[in-house]
Visitor: 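Quick one: this structure, given as structure tokens, is what I'll be asking you about.
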Amino acid sequence: MQERYDFKNIEQKWQQEWDQKNIYYRPDYSDRPKYYCLEMFPYPSGKLHMGHVRNYSIGDVVARFKTMKGYDVLHPMGWDAFGLPAENAAMKHGVHPAGWTWENIENMKQQLKQLGLSYDWQREVATCHPDYYKWTQWIFLKLYQQGKCYKKTASVNWCPSCTTVLANEQVVEGACERCDSKVEQRQLEQWFFRITDYSQRLLDDLQNLSGWPEKVRIMQENWIGRSEGAEVKFKVSGSGEEIEVFTTRPDTIYGVTYMVLAPEHPLVNTITTGTDYEEDVSAFVKKVRNMSELARTTAEKEGVFTGAHCINPINGERIPILVGNYVLLEYGTGAVMGVPAHDQRDFEFAKKYNLPIRPVIQPEGTDMQSKELTEAYTGEGVLVNSGTFNGLPYKEAIRAITDKLEESNQGSGRINFRLRDWLISRQRYWGTPIPIIYCKKCGTVPVPEEQLPVVLPTEVEFDFTGKSPLVDNPEFVNTTCPKCGDEAKRETDTMDTFIDSSWYYLRYTSPKETEGPWNKNNADRWMGVNQYIGGVEHAILHLLYSRFFTKFFHDQGLVKVQEPFENLLTQGMVLKDGAKMSKSKGNVVSPEEIVGKYGADTARLFILFAAPPERDLEWSDRAVEGCNRFLNRVWRLYQSVLDEVKDAPTVKDANKLVGVHQELRRITHQTIKKITDDVEKRFNFNTGISAIMEQVNAIYTYRDKVPQSERNPAVMREALEATVLMLAPFAPHVTEELWQAMGYNDSIHQQPWPVYDEKALVEEEVTIVVQINGKVRERMLVPADYSADDMKKYVLDQPKVKQLTEGKQIVKTIAVPGKLVNIVVK
RNA sequence: GCCGAAGUGGCGGAAUUGGCAGACGCACUGGACUCAAAAUCCAGCGGUGUAACAACCGUGUGGGUUCGAAUCCCACCUUCGGCACCA
């Protein structure tokens, strides 16, 4: 065994050896129970950052641990390879996006390998490969056939810097999620997926995801935004038109004093054209429409009267119709009944325009009408000013009024969702082409399945306007209609890259399948993902889309599961000096540098030791050194005692062990128990590693305190083997080296996880705490099997305790076996 | 504004079911080894206090429940994350 811990040689040697022996390869079937461990695949930006290292180190511990626990572990890796940065690089450096991407993939793959991650590289996928996106297109066609995919003109989010549209989910506080530019609204014809058909199921099934962080479930719940209420029809006076509104408070319908339409509402034109109000209204609409979404949501509530009136169906009252900037066309019906007494927004609006405010809900035992309202009352209460419904509690009134409206066909109960359909077309080049052809005769025609893939042309010219080069590419655009054979044009939009990443976890189960997107048997064997690991920034986008896809696939009989990810771990960020690492802040620590200086094992150990996975992690160069020091300490320990233990037998007659030998064995087994719990049940790798450190310290103490002639080589060997086995998932290279040094030829990563001996954990005596009135006064050693009564008796009999309680009256004594005795005195 | 999470030594963090606060590591201090340094090893390391003990204080703040609270309850403060005219 080498004197020095030479991480460079060791890591290189074992990475090669593992590669050669293919030890991480997983065949499709085996007798062992399956375990699918998945980490979110990266965008191939060119270089790994610390966030990746953290993500993949966590996943690797899980995969290695489960393998040692006897599972058949699927642990694949791939590339989310389509996306805008490739195009930007093309424009900036004149390289082709494809070349740029493949080069980055090669680079990052090397970096991943240097970390010693246990991936089955035979399952690697890249979403930009035609063998992959062929099936992305196939999925698009499936959705199209099933009526889950459609094209429509809508007000959409446009990012001027990325020169493309964005999905609702990709707009963060009115800005582009990627580049932070202000998002504009444009009227464009775009492709959508009908994710809203799944709103209720996506919401309901969150209940089954007990293995997900509560936080993520709540975020999705809010995003889906279900609200229960009623739809009510208001007839427009003097015309046949009707305005429908959605309300969650039909009980307040007697409090309606006006009606507000969204500026984009189609009726606005109908009711104002040719009237005296037309000019004012259209000026107002124009003004509001020109505002960005952000400006609009922060602006003061404003409105204008249309001159028209409508009739409240419940009491026949005539109320004015206004147009207001605070009403959104996209939500509900784009019209709101104004109930200023019981809705804060309506209240502010009514105050500004002197519209009547009529309370109809009154908290029991008060008189709402006698005092002037200063804000809307949104709480519980009983109905007043509401005709025959007076005196009814509001909850019952919601029911009764909805029923009444339903009887007369003027409304009905209704559920509304905040979730919008998923806008999936992008005016970009580097993405999966949408397999649609436009024919003058036949209209919109899907590309037949046997013509897939629609290949993204590589011979393209990039100009600097940001316009997609597909648009002006005649070889791509010009085609023939699959139906009639006439000249036709291809769709030049490509798909949102979130589509690519919404099904990759299925492709891993049969990455080379040519008959379909995946092999159903394989998919059903491996799915769902037992443990998914990634950043919380995907809590809505990627995770919601993937859930939608899986449900759709399930409905099509393509896969058995209804949810893709059984357990989800959202790792925290990697911080330096309290802030997220970023180029602009100049606080980036490169993984390459750390691996070069201390080795992958040290880097991994630090990142897993510094904080539990879910929390943010503060980078510390000093603490990294500390982890390196620990591995050196382990190395030296083995080196110093290897000769002593190399030919040692296994521990026999364990029950006959006494003293320090028994103690070392007890610590070994206690450590196994602790770390197994930490890794398996809690993912608390930091405390697990600290337990291994304590174990190492204990072996050192044993070595130093017990003369060599008296040491028990079998107990020592057991301790050393357990240590290295437990450390193996965290630091795979150095542990492999030490394992081989112990005389083994098989890889440590194919060994079973150590098992603790319940009998070895038992202690004969334990230290208990003696408290007086809850304050620790004394510690004493008592037999471990003492009952509560034994403990009380023993403790109260001690001279020291008698002295402490002298002159005081003992009111009560509480004893917890093995832990403490508390004496309450007066 | 609404929803959620967190707040513990100089620092990262631990305390798993209400039972010894500060495990493990970093930093620091003293010592050993060395011509010297690095590395390594040993010891110390929340605060007040003491010659040393003792004792007292201490888990964001204030209250409460309990024999006993970092842990449970109530109110508040701060930081971070998500949503934000959703009718």
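Numbered from 1 within each chain, the chains take letters A, B, ... in sequence-line order. These values consider heavy atoms only, across backbone and side chains, with no hydrogens, waters or symmetry-generated copies.
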Visitor: Answer yes or no: is there an ion pair linking A/R666 with A/E763, defined by an N-O contact shorter than 4.0 Å?
Guide: yes
Visitor: Please map the stems of RNA chain B, keeping only stretches of three or more Watson-Crick or G-U wobble pairs with both distances under 3.5 angstrom.
Guide: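 Consecutive-pair runs (3 or more) involving RNA chain B: B:1-7 with B:77-83, B:10-12 with B:24-26, B:28-32 with B:40-44, B:46-48 with B:55-57, B:60-64 with B:72-76.
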Visitor: Look up atom CD1 in A/I768 and atom OH in A/Y786, then write down how far apart they are to the nearest 0.5 Å.
Guide: 9.5 Å
Visitor: I'd like to know if A/K352 pairs up with A/E300 as an ion pair, taking the criterion as any Lys NZ or Arg NE/NH1/NH2 lying under 4.0 Å from an Asp or Glu carboxylate oxygen.
Guide: yes
Visitor: Could you state the CZ-C1' distance from A/F349 to B/C85, rounded to the nearest angstrom?
Guide: 12 Å
Visitor: Please report the distance separating the C1' of B/A6 from the corresponding atom of B/U61, rounded so that it comes out in whole Å.
Guide: 16 Å
Visitor: Distance check, C1' atoms only: B/G60 and B/C80, in whole angstrom units.
Guide: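 So the two C1' atoms sit 15 Å from each other.
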Visitor: Which is true for A/K826 with a 4.0 Å heavy-atom rule: it touches a base, it touches only sugar-phosphate, or it touches nothing?
Guide: nothing
Visitor: Taking only side-chain nitrogens and oxygens of A/T687, does any of them come within less than 4.0 Å of OP1 or OP2 of B/A23?
Guide: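 No, no such contact exists.
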Visitor: To the side chain of A/P612, which of B/A15, B/A21, B/G13 is closest?
Guide: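 Minimum distance to the A/P612 side chain belongs to B/G13.
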Visitor: Using a 4.0 Å heavy-atom cut-off, does A/R296 contact any base of the nucleic acid, only the sugar-phosphate backbone, or nothing at all?
Guide: base
Visitor: Describe the nucleic acid contact of A/A299 in one word from base, sugar-phosphate, nothing, applying a heavy-atom distance below 4.0 Å.
Guide: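 It contacts base atoms.
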Visitor: So, is A/R615 close to the B/A5 phosphate, meaning a side-chain N or O under 4.0 Å from OP1 or OP2?
Guide: no
Visitor: Are OP1 or OP2 of B/U40 and a side-chain N or O of A/N632 less than 4.0 angstrom apart?
Guide: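 Indeed not, no polar side-chain atom of A/N632 lies that close.
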Visitor: Salt bridge check, A/E348 against A/K301: does any charged N sit closer than 4.0 Å to a carboxylate O?
Guide: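 So A/K301 pairs with A/E348 through a salt bridge.
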Visitor: The side chain of A/Q771 is closest to which nucleotide in this list: B/C20, B/C41, B/G25?
Guide: B/C20
Visitor: Using the P atom in both, what is the distance from B/C74 to B/C26, to the nearest Å?
Guide: 41 Å
Visitor: Please report the closest heavy-atom contact between A/A262 and A/L328, naming both atoms and the distance.
Guide: CB-C, 4.0 Å
Visitor: A/V816 near the nucleic acid: base, sugar-phosphate alone, or nothing, with a heavy-atom cut-off under 4.0 Å?
Guide: base
Visitor: Look at all strands and tell whether A/S620 reaches a base, only sugar-phosphate, or nothing, counting heavy atoms closer than 4.0 Å.
Guide: nothing
Visitor: Heavy atoms only, 4.0 Å cut-off, all strands: where does A/E330 land among base, sugar-phosphate and nothing?
Guide: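 No contact.
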Visitor: How far, in whole Å, is B/A39 from B/G49 if one measures between their C1' atoms?
Guide: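 To the nearest whole Å, 39 Å.
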Visitor: Measuring only the C1' atom in each nucleotide, how far is B/U29 from B/C45? A whole number of Å is fine.
Guide: 8 Å
Visitor: Return the nearest nucleotide to the side chain of A/W223; candidates are B/C24, B/C20, B/A84.
Guide: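 Of B/C24, B/C20, B/A84, B/A84 is nearest to the side chain of A/W223.
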Visitor: Look at all strands and tell whether A/R418 reaches a base, only sugar-phosphate, or nothing, counting heavy atoms closer than 4.0 Å.
Guide: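 Answer is base: heavy atoms of A/R418 come under 4.0 Å of a base.
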Visitor: Does A/Y756 offer a backbone N or O that forms a donor-acceptor pair with the side chain of A/H669 under 3.5 Å?
Guide: no
Visitor: Regarding A/F609, tell me which of base, sugar-phosphate or nothing describes its non-hydrogen contacts under 4.0 Å with the strands shown.
Guide: base
Visitor: Taking 4.0 Å as the cut-off, does a side-chain nitrogen or oxygen of A/R703 come that near to OP1 or OP2 on B/C41?
Guide: no
Visitor: With heavy atoms under 4.0 Å as the rule, sort A/N822 into base, sugar-phosphate or nothing.
Guide: base
Visitor: Between A/E228 and A/R414 (salt bridge meaning N to carboxylate O under 4.0 Å), is one present in this structure?
Guide: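 No, A/E228 and A/R414 are not salt-bridged.
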Visitor: Describe the nucleic acid contact of A/R226 in one word from base, sugar-phosphate, nothing, applying a heavy-atom distance below 4.0 Å.
Guide: nothing
Visitor: Quick check for you: to the nearest 0.5 Å, what is the distance between A/Q220 atom CD and A/K215 atom NZ?
Guide: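 Going from CD on A/Q220 over to NZ on A/K215, the span is 13.0 Å.
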Visitor: Among the nucleotides B/A87, B/C20, B/C57, which one has an atom lying closest to any side-chain atom of A/K775?
Guide: B/C57
Visitor: Given the C1' atoms of B/C85 and B/U78, what is the spacing between them in whole Å?
Guide: 28 Å
Visitor: Name the nucleic acid region contacted by A/K301, choosing base, sugar-phosphate or nothing; use a 4.0 angstrom heavy-atom cut-off, strictly under.
Guide: base
Visitor: Quick one: A/E614 CD to B/C80 P, roughly how many Å, whole number?
Guide: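 Roughly 21 Å, once rounded to whole Å.
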Visitor: Measuring from the side chain of A/M693 (C-beta onward, heavy atoms only), which nucleotide among B/A27, B/C24, B/C67 has the closest atom?
Guide: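 So the side chain of A/M693 is nearest to B/C24.
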Visitor: Answer yes or no: is there a donor N or O on one side and an acceptor on the other, between the side chain of A/N312 and the main chain of A/I314, under 3.5 Å?
Guide: yes
Visitor: Take the protein atom CD of A/E348 and the nucleotide atom C1' of B/A87, then report the distance between them rounded to whole Å.
Guide: 14 Å
Visitor: Return no unless some side-chain N or O of A/R629 is found under 4.0 Å from OP1 or OP2 of B/C26.
Guide: yes
Visitor: State which of B/C20, B/A23, B/C85 makes the closest approach to the side chain of A/S690.
Guide: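 Taking heavy atoms from C-beta onward, the closest nucleotide is B/A23.
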Visitor: Could you give the distance separating B/C42 and B/A27 at their P atoms, to the nearest angstrom?
Guide: 16 Å
Visitor: On RNA chain B, nearest-nucleotide positions of A/D677 versus A/I689: which is more 5'?
Guide: A/D677
Visitor: Is A/V327 touching bases, backbone alone, or none of the nucleic acid, heavy atoms closer than 4.0 Å?
Guide: base
Visitor: Describe the nucleic acid contact of A/I218 in one word from base, sugar-phosphate, nothing, applying a heavy-atom distance below 4.0 Å.
Guide: sugar-phosphate
Visitor: Of A/K812 and A/N686, whose closest RNA chain B nucleotide lies nearer the 5' terminus?
Guide: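 That would be A/N686.
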Visitor: State which residues pass side-chain hydrogen bond (donor to acceptor under 3.5 Å, both in side chains) with A/W212; sequence neighbours excluded, sorted by chain then number.
Guide: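 By the side-chain hydrogen bond (donor to acceptor under 3.5 Å, both in side chains) rule, A/W212 matches no residue at all.
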Visitor: When you compare the side chains of A/N157 and A/Q185, does any donor N or O come within less than 3.5 Å of an acceptor on the partner?
Guide: yes
Visitor: Given B/G4, B/A87, B/C67, which nucleotide is nearest the side-chain atoms of A/K215?
Guide: B/G4
Visitor: Give a yes/no on whether any side-chain N or O of A/R777 is located under 4.0 angstrom from OP1 or OP2 of B/G68.
Guide: no
Visitor: Rounded to whole angstrom, note down the C1' distance from B/C28 over to B/C11.
Guide: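 Taking atom C1' in both B/C28 and B/C11, they lie 11 Å apart.
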Visitor: From the set B/C3, B/U16, B/G13, return the single nucleotide nearest to any side-chain atom of A/N222.
Guide: B/C3
Visitor: Only one of A/F234, A/F349, A/Y353 forms a ring-ring contact (aromatic ring centres under 6.0 Å, His included) with A/Y258, so which one is it?
Guide: A/F349
Visitor: What nucleotide, of B/A15, B/C24, B/U16, holds the atom closest to the side chain of A/K674?
Guide: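 Closest of the options to the side chain of A/K674: B/U16.
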Visitor: Consider the side chain of A/F246, meaning its heavy atoms from C-beta on, and name the nucleotide among B/A87, B/A15, B/A27 that approaches it most closely.
Guide: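 The nucleotide sitting nearest to the side chain is B/A87.
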Visitor: A/R633 side chain N/O closer than 4.0 Å to the phosphate oxygens (OP1, OP2) of B/A39?
Guide: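 A/R633 to B/A39 OP1/OP2: no side-chain N or O under 4.0 Å.
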Visitor: Checking all strands, does A/N697 fall into the base, sugar-phosphate, or nothing category for heavy-atom contacts under 4.0 angstrom?
Guide: sugar-phosphate
Visitor: Taking syn as any angle within 90 degrees of 0 and anti as the rest, which one fits B/G9?
Guide: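 Chi for B/G9 falls in the syn range.
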